[in-house]
Amino acid sequence: MTDSDLFATRWHAVRQRLIADQADALVLSRGSDLVYLSGYDAHALERLTAFVGAPNTDGIPTLFAPQLEVPLVTAMPDVFTISGWTDDQDPVAMVAEQIVGAQRVLVSDEMRADHLLALQSLMPDTTFVSLSASLGGLRSIKSDAEMQAIQTVGGLANQVAAQLQSGEIPLVGRSEAEIAEDITARLLAVGHETVEFCIVASGPNSASPHHHPGNRIVQAGEMVLCDFGGKHKGYCSDITRCVWTGDIPADVLATYDTLKKAQQAAVDAARPGASLGDVDAAARNVIADAGFGSQFIHRTGHGIGTEVHEQPYVTKDNTQVVEVGHAFSIEPGIYVEGKWGMRLEDIVVVVDDGAIRCSTTDHNLIAVRA
Ligand code: ZN
Ligand code: ZN
Ligand code: ZN
């Protein structure tokens, strides 16, 4: 498939969803949605870049870009028309003119407020709706090729998680930051092109879900929570595994058993037709029943694709339905302030009969000596 065919196919699919949503127009500004439909990764500057499509017409969408940045756009005349605007023109007025008469317009979440406010004031009778709120995100339903890409990159991160569990990565006596550097190098060595994040949280720091690895030296007999991921061919990995440096205390083991059951329950619940709220509840109920409800302090998961966090979100009240082609994390956690925290995370892709994990390394809390 040529790039042009790929983007034309994507627009065709998005167009059907827009029509079903009774949207008269779509306005994307810069960001991952723009890359998804046009291949163009625009600068994050104040000049407006906007991809404007009207699903109900036969016309192809228009990409409005600052004239001085037009040379950066790869032209695909079968996919979109390029309209360069100069500094003496008002690009928002040009967009408004393109979608004149539209009643319901979907806008990308990343659109700057100044641009949207200007567009709203030019089109006072139009309703502007968040794309993610209406469609659950543009990129939330993955193609077979994208699902494959997510499984492939998930497999790469999985290799590093296995190295962590095997004791191959020295822990005791090293700082969190040193370990994070080591894991980063390993993520690159197994084939990621970039590392997007690497959390190494030891001892009491593991009770802080998004801890930044620092100078704390890992001790014997404590929790080490590692949550990391990178990109390969544009798609992201994200995995969390915990290890214990020494013999695992019985209460920690018992609590981890609850966590593991909760994660499995959510994977089992992630079937087409269930709601994302059902998936969250599956994990949350197991943890609450064991008495740790108030210590599971975040959502169960997030969508993943070209961004580490994207639609759909696995949250308590999300009534959105799980669909074939969804890819998201399932990562319940239990955090005991001042002592330790634990989280178990896999990315899953949803197929007809349920969710497939992209990572298969041991789901137990592993005792490592180093
Ligand atoms: Zn997170
Ligand atoms: Zn993670
Ligand atoms: Zn995650």
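For clarity, every value in this text was computed on a predicted model and none was experimentally measured. As the structure lists them, so they are numbered: ligands from 1, and atoms in each ligand from 1. Both backbone and side-chain heavy atoms feed into the values below; hydrogens, waters and symmetry mates do not.
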Exercise for review: Name whichever N, O or S atom of D227 ends up nearest to the Zn ion (ligand 2).
Suggested key: OD1
**Study point:** Heavy-atom side-chain contact between I150 and C358 under 4.5 Å
**Key:** yes
Check your understanding: Within less than 2.8 Å of the Zn ion (ligand 3), any N, O or S from H309?
Key -> no
Point to revise | Candidates T127, L135, D24 - the one meeting side-chain contact (heavy atoms from CB on, under 4.5 Å) with L106 | key: L135
Exercise for review: Step through the shown structure and confirm whether more than 12 heavy atoms of other residues, nucleotides or ligands are within 6.0 Å of CD on E69.
Suggested key: yes
**Study point:** Residue among D227, N158, D362, D346 satisfying side chain to side chain donor-acceptor pair (under 3.5 Å) with R241
**Key:** D346
Review point. Tell me, which N, O or S atom in D238 is closest to the Zn ion (ligand 2)?
Key: OD1
Exercise for review: Among the N/O/S atoms of E331, select the one at the shortest distance from the Zn ion (ligand 3) and name it.
Suggested key: OE2
**Study point:** Audit row: D247, R369, salt bridge (charged side-chain N to carboxylate O under 4.0 Å, His left out) steps and yes/no
**Key:** CA-CA 9 Å; D247 294 329; R369 270 150 248 279; 3.3 Å; yes
Practice item. Report the name of the N/O/S atom of E345 located nearest to the Zn ion (ligand 2). Key: OE1
